[in-house]
Amino acid sequence: AHAAPPLEPRKLRALFTECNRPQLRRFSQELEETLPLDVDTLLLPDLERAYRQSAGFLTRYALVITTFSHIHEVQKLLRKANTEVVGLMAEASLETLMRLTALPERTKVGVACNEWTGSENVKLSIENAGLKNIQLVMGCGAEPASLKRMLKEARVVVCSSLVAGKIRSLAPRGTEVIVDDRTLDKGGLEMLRQRLAQLAAGKAARGGRRGQR
């Protein structure tokens, strides 16, 4: 009854990098809420700039984390750094994919986020699900004209919450708007949790050896 409560996992410090601010903010928050991590963030161009100026700043991080769509780009940039780079999948929700699966053959589906890079990433996550019954049409909240073009073709739209209001204000009556802010793949998060445990154990062992000297 008086057993000590289990110790909280030791938090490690990581850097998360992405190409657009909404996903940078949302995914880094998800990492901190899910894993024993303190997460700093940098947009990809800012990471490249900081690394060119002083590569040593990476030594404060146990890992650099990004999404799979940028993993090769980040690995190439940091190839001379002694910092592990981890990629995670960002996926559309199962509910969204099931709804898209139920659509008739050759249905045109709009895809839109607030920035083109976000739209491209959502398009990629839907394509990776292997849906053959739909045709994707892209738009971007930063360019309202692209949303109007998209809505001339698509009567179903998958979009982020940031651009949903704008799409609803432009969409013809009867347009189905599916709001889907992608989340990080749960299997990938669990693999990362195991890797963090290994890194924390190694860090503790190194600390113990230094204490014995």
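Side chains are part of it too, since the values below use all heavy atoms of this structure and drop only hydrogens, waters and symmetry mates. These numbers were taken from a predicted model, which means no experiment stands behind them. Starting from 1, each residue takes its place in the sequence as its number.
Shown here for Leu136 and Glu127, the closest heavy-atom pair between the two residues is CD1-CG, 3.9 Å. Residue Ala14 comes nearest to Ile65 through the heavy atom pair CB-CD1, 4.0 Å, listed as atom of the first residue, atom of the second, then distance. Minimum interatomic distance between Gly118 and Gln23 (heavy atoms only, all atoms of both residues): CA-NE2, 3.7 Å. Taking all atoms of both residues into account, the shortest heavy-atom contact from Asn133 to Thr101 is ND2-O, 3.3 Å. Across Ser119 and Cys113, no two heavy atoms sit closer than the pair OG-N, 2.9 Å. When all heavy atoms are compared, the tightest approach of Ala90 to Ser125 is O-CB, 3.7 Å.
For the pair Cys140 and Met150, the minimum side-chain heavy-atom distance is 4.5 Å or more. Put simply, the side chain of Val109 does not reach to within 4.5 Å of the side chain of Leu131, judged on heavy atoms.
Side-chain contacts under 4.5 Å among hydrophobic residues (ILVMFWY), followed directly or transitively, place Trp116 together with Met138. By the 4.5 Å side-chain criterion applied to Ile, Leu, Val, Met, Phe, Trp and Tyr, Leu162 is assigned to no cluster and stands alone.
From Tyr51, atom OH reaches atom CG of Leu78 across 6.0 Å, with rounding to the nearest 0.5 Å. Gln194 CD to Leu199 CG: the interatomic distance, rounded to the nearest 0.5 Å, is 12.0 Å. Glu176 contributes atom CD, which lies 7.0 Å from atom CG of Leu103 (distance to the nearest 0.5 angstrom). The CG atom of Leu63 sits 6.5 Å away from atom CG of Leu192, with the distance rounded to the nearest 0.5 Å. The structure places CG of Leu15 at 12.5 Å from CG of Asp38, a figure rounded to the nearest 0.5 Å. Taking CD from Glu120 and CD from Glu115, the interatomic distance works out to 11.0 Å, rounded to the nearest 0.5 Å.
Put simply, the side chain of Thr17 never gets that close to the backbone of Thr66: no donor and acceptor are under 3.5 Å apart. For the pair Ser160 (side chain) and Asp181 (backbone), a donor-acceptor distance under 3.5 Å is absent. When atom types are taken as modelled, the side chain of Glu30 and the backbone of Leu184 share a donor-acceptor pair closer than 3.5 angstrom. Remark: the backbone N or O of Val39 is not paired with any side-chain donor or acceptor of Ser28 at under 3.5 angstrom. Proximity of a side-chain donor or acceptor of Asn82 to a complementary backbone N or O of Leu58 within less than 3.5 Å is not detected. Side-chain atoms of Arg168 do not come within 3.5 Å of backbone N or O of Gly165 as any donor-acceptor pair. The main-chain N or O of Ile134 is never found under 3.5 Å from a side-chain atom of Thr107 such that the two would form a donor-acceptor pair. In this structure a side-chain-to-backbone donor-acceptor pair under 3.5 Å is missing from Asn114 to Gly141.
Scanning for salt bridge (charged side-chain N to carboxylate O under 4.0 Å, His left out) contacts around Glu48 gives Arg52, with sequence neighbours left out.
With respect to Glu190 and Arg193, a salt bridge is recorded, a charged nitrogen being found less than 4.0 Å from a carboxylate O.
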Requested in this report: Please assess Arg106 against Gln135 for the test side-chain contact (heavy atoms from CB on, under 4.5 Å), listing each intermediate value before the final yes or no.
Outcome: CA-CA 6 Å; Arg106 298 183 182 178; Gln135 300 174 11; 3.8 Å; yes
Requested in this report: Please step through side-chain contact (heavy atoms from CB on, under 4.5 Å) for the pair Leu189 and Leu88, ending with a clear verdict.
Outcome: CA-CA 7 Å; Leu189 288 172; Leu88 295 173; 4.0 Å; yes
Query - Chi angles and distances behind the side-chain contact (heavy atoms from CB on, under 4.5 Å) call for Val158, Thr96 - result: CA-CA 8 Å; Val158 178; Thr96 295; 4.2 Å; yes
Query raised in the report: Under the side-chain contact (heavy atoms from CB on, under 4.5 Å) criterion, do Arg25 and Thr41 qualify, and how do the steps go?
Result: CA-CA 8 Å; Arg25 183 168 54 250; Thr41 61; over 6 Å; no
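Following chains of ILVMFWY side-chain contacts shorter than 4.5 Å, one can reach Met89 starting from Leu44, so the two form part of one hydrophobic cluster. Linking Ile, Leu, Val, Met, Phe, Trp and Tyr residues whenever their side-chain heavy atoms come within less than 4.5 Å places Val122 and Val156 in a single cluster. In this structure, Val85 is not a member of the same hydrophobic cluster as Phe16, with clusters built from ILVMFWY side-chain heavy atoms closer than 4.5 Å. By the criterion of side-chain heavy atoms lying less than 4.5 angstrom apart, applied directly or through intervening Ile, Leu, Val, Met, Phe, Trp or Tyr residues, Leu37 is grouped together with Phe27 in one hydrophobic cluster. Val74 and Leu42 fall within a single hydrophobic cluster, where Ile, Leu, Val, Met, Phe, Trp and Tyr are joined by side-chain heavy atoms under 4.5 Å apart, directly or via other members.
Results of the side-chain contact (heavy atoms from CB on, under 4.5 Å) test with Val157 over Ile178, Leu147, Val163, Leu151 single out Leu151 as the only residue that passes.
Residues Glu18 and Thr67 bring a donor and an acceptor atom of their side chains to less than 3.5 Å of each other. For the residue pair Arg195/Gln198, the side-chain donor-acceptor check at 3.5 Å is satisfied.
Applying the 6.0 Å contact sphere to CZ of Arg13 captures more than 12 heavy atoms from other residues, nucleotides or ligands. The number of heavy-atom neighbours closer than 6.0 Å to NZ of Lys152, taken from other residues, nucleotides and ligands shown, is 12 or below.
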